[in-house]
Amino acid sequence: SCAMANENGGDGGKYVAGMAQVCEELLDLTDSDVFLLGAAHTSGSGGNKKKKKGEPPQQWLSIIGRASPGAVGVDLNSVMRSLGGGGHPKAAAAAIRCAPTPPSSLNIEEGLAMASEGQ
């Protein structure tokens, strides 16, 4: 099961350094209107500084979205808010906390499906 969490605070997951910049560069390089970038990662504390001894590492799916200024009608903030994140209409992010799963078996489709089911 997964629970949504805002990447930048509260119960959020660890930030994947540089992911936003990579997403912006790919948006420019591909001449896309919208670019979404996801990364599955493990956090030893799951974003929680009060981790109890013996707790397994926490799985996260971080999603960063960027839209070009010309992408009329795109509201990434609304999209990421539906996943428990947020941001701005043209730049937003979310982090989805997932049940402990080996990284090789977690894919974005499964993570998003679990998130949309509210698990």
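Taking CE from Met19 and OG from Ser62, the interatomic distance works out to 5.5 Å, rounded to the nearest 0.5 Å.
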Begin with the C-alpha distance, continue with both residues' side-chain angles, and end with the deciding distance and a verdict on side chain to side chain contact (heavy atoms under 4.5 Å, CB included) for Ile96 and Trp60.
-> CA-CA 6 Å; Ile96 302 168; Trp60 292 91; 5.9 Å; no
Do Leu36 and Ile64 pass the side chain to side chain contact (heavy atoms under 4.5 Å, CB included) test, and can you show the C-alpha distance, the side-chain angles, and the key distance before you say yes or no? CA-CA 6 Å; Leu36 297 176; Ile64 303 275; over 6 Å; no
Discussion item. Go through it in stages, so that I can follow the logic: the residues are Asp33 and Val74, the test is side chain to side chain contact (heavy atoms under 4.5 Å, CB included), and I'd like the CA-CA distance, side-chain angles, deciding distance and then a yes or no.
Written reply: CA-CA 9 Å; Asp33 290 328; Val74 172; 6.0 Å; no
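By the criterion of side-chain heavy atoms lying less than 4.5 angstrom apart, applied directly or through intervening Ile, Leu, Val, Met, Phe, Trp or Tyr residues, Leu83 is grouped together with Val34 in one hydrophobic cluster.
Taking Glu24 as the reference, Gln21, Arg66 meet the side chain to side chain contact (heavy atoms under 4.5 Å, CB included) condition, with sequence neighbours excluded. The side chain to side chain contact (heavy atoms under 4.5 Å, CB included) check on Ala92 picks up Leu76, Met80, with sequence neighbours excluded. Listed by chain and number, the residues in a side chain to side chain contact (heavy atoms under 4.5 Å, CB included) with Ser78 are Asp75 (sequence neighbours excluded).
Between Arg97 and Gln59, the closest side-chain pair of non-hydrogen atoms is not below 4.5 Å. With a 4.5 Å cut-off on side-chain heavy atoms, Leu37 and Val22 count as touching.
Smallest separation of non-hydrogen atoms from Phe35 and Thr30: CD1-OG1, 3.9 Å.
The salt bridge (charged side-chain N to carboxylate O under 4.0 Å, His left out) analysis of residues 77-91, with sequence neighbours excluded, yields no pairs.
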